[in-house]
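Let me begin by presenting the structure, written as structure tokens, before commenting on it.
Remember, it's 1-based here, ligands and their atoms both numbered in the order they're listed.
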Amino acid sequence: MSITYSKVRCIVDLEAIRHNYRLMKKDAGNVVPVIKSDAYGHGLEQVARALEDEGAANFAVGYVQEAVDLRKAGISGDIISLLGPVDMDDCEAIIEHDIVGFVGHFETLARLAYKADGRPVRISLKFDTGMSRLGFTREELPKLKAFLRGRPNIVPVMASSHLAVADDPASREITAAQAQVFCEIVEDLRASGFAVQASLANSAAIMGHEGCRLDVQRAGISLYGGNPYAGTEWESLGDDLRPAMQVAAPVLHVHTLDKGRGISYGHTFTADRDMTVAVVGAGYADCYSRGLSNTGWVNVGGVRCPIVGRVCMQMTAVDLSPAEAAGVQVKTGDDAWLLGGPGDGRISPQDLADWWGTITYEVFCVLGMNRREYPDT
Ligand SMILES: *Cc1c(COP(=O)(O)O)cnc(C)c1O
């Protein structure tokens, strides 16, 4: 959360997140909630607390600083930093706060060992099995094991890898191949005396790839009600997930737009008939993308109304014709829902992501930067 200059409200249903967590556990047993990037915009500390109530003890964050924040908030279980350590400060923080950092390169390992200077450090070894971003390769395994044998204070407690195409049923062979390589790496490590837990699955793999469910699963988007299989043949696997985020903005003004008049910058929309429009107090400065201009919809009083003209910095106009046709009276001060909202007009994260030309992950992360409310706490 960092936007404080607007009237946009981001309303988070923690019970929905708990529900989604229970669903993932039912499928996959040991599930570590991924709460990086401020819990995908839902609130790092609030989500951690809500899931603690549900029995979660361990959490995965992104950078080490988030892990430190979580420790300072009183989380005492294992905290895994998926993107840490990056620099010397991170190395020190990892040691001081007993954080399990993902380590995927020799430079990082050397830096950590130097900083540790004999003090014990637990790490998760990260392997690249096909994502081609970060991680040791299988070929580096002998050198890695040799390095670790010489540094008994650096203790690998986990081996991990990340899947590139788990959300695409058509690419399941690629996911299976990644799992195969990863399992061989884990076996090799264990045969060499390293007692690592194996962690491979993200949400998509928890839901759709049984062969990827190993000791520890890492669930992110599913906890927030995003369906990684949306638009694919496996879409129904996400039917029971419940979106947790709704976003509302006030109607600032309602007026008539006469036939032939243009609206908003550039007059990219011209009324083809007399119509009533509402000016909604949200725009791209509130992370409501300008790409939604003339494309997205807003839920007003339970009815979806189309955006007309360009999304501005702090304002967006919608055509109220559908609301009027449904007998809904709209006035200044009413809530207009950019995400969620009441009735049949409810806007799902996937709908919004589709209009926006992105994925639910981005919708949550950026809209979650608005002022948040937690009604059930
Ligand atoms: C973000 C992330 C996850 C969670 O992925 P989802 O698709 O959101 O479930 C798991 N593992 C790593 C390494 C990640 O960065």
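When only modelled atom types and interatomic distance are considered, Ser222 and Asn20 share no side-chain donor-acceptor pair under 3.5 Å. No donor-acceptor contact under 3.5 angstrom links the side chains of Arg261 and Thr270, judged on distance only. Of the N and O atoms on the side chains of Lys126 and Ser160, not one donor lies less than 3.5 Å from an acceptor on the other residue.
Atom 9 (O) of ligand 1 has as its closest protein heavy atom Ser203 OG, 2.5 Å. For atom 7 (O) of ligand 1, the nearest non-hydrogen atom of the protein is Tyr361 OH, 2.6 Å. For atom 8 (O) of ligand 1, the closest non-hydrogen atom on the protein side is Tyr40 OH, 2.6 Å. In terms of protein heavy-atom proximity, atom 11 (N) of ligand 1 is nearest to Arg218 NE, 2.8 Å. Nearest protein heavy-atom contact of atom 14 (C) of ligand 1 is Lys36 NZ, 3.0 Å. Of the protein's non-hydrogen atoms, the one nearest atom 12 (C) of ligand 1 is His162 CE1, 3.3 Å.
Remark: Glu233 CD is packed, more than 12 non-hydrogen atoms of other residues, nucleotides or ligands lying under 6.0 Å away.
Salt-bridge annotation for Lys36 and Glu66: absent, with no side-chain N of the basic residue lying under 4.0 Å from a carboxylate O of the acidic one.
Contacts of Leu82 with ligand 1, taken as heavy-atom pairs under 4.0 Å, involve the side chain alone.
Not a single N or O atom of Arg133, backbone or side chain, sits closer than 3.5 Å to an N or O atom of ligand 1. Of the polar atoms of Phe102, none of the N or O atoms is found under 3.5 Å from an N or O of ligand 1, judged by distance alone. Taking only nitrogen or oxygen atoms, main chain and side chain alike, Ala204 does not reach within less than 3.5 Å of ligand 1.
Note that CD of Gln329 is 10.0 Å distant from CG of Asp334, once rounded to the nearest 0.5 Å.
Heavy-atom contacts of Gly220 reach the following atoms of ligand 1: 4 (C), 6 (P), 8 (O), 9 (O) (cutoff under 4.0 Å).
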Sequence neighbours left out, cut at 3.5 Å: what donor-acceptor pairs do the side chains of residues 352-361 make with other protein atoms?
residue	atom	partner	partner atom	Å
Asp354	OD1	Gln350	NE2	3.0
Thr358	OG1	Glu362	OE1	2.4

| message | For a side chain to side chain contact (heavy atoms under 4.5 Å, CB included) check, start with the C-alpha distance between His162 and Arg133, then their side-chain angles and the critical distance, and finish with the verdict. | response | CA-CA 9 Å; His162 199 34; Arg133 285 191 320 196; 3.5 Å; yes
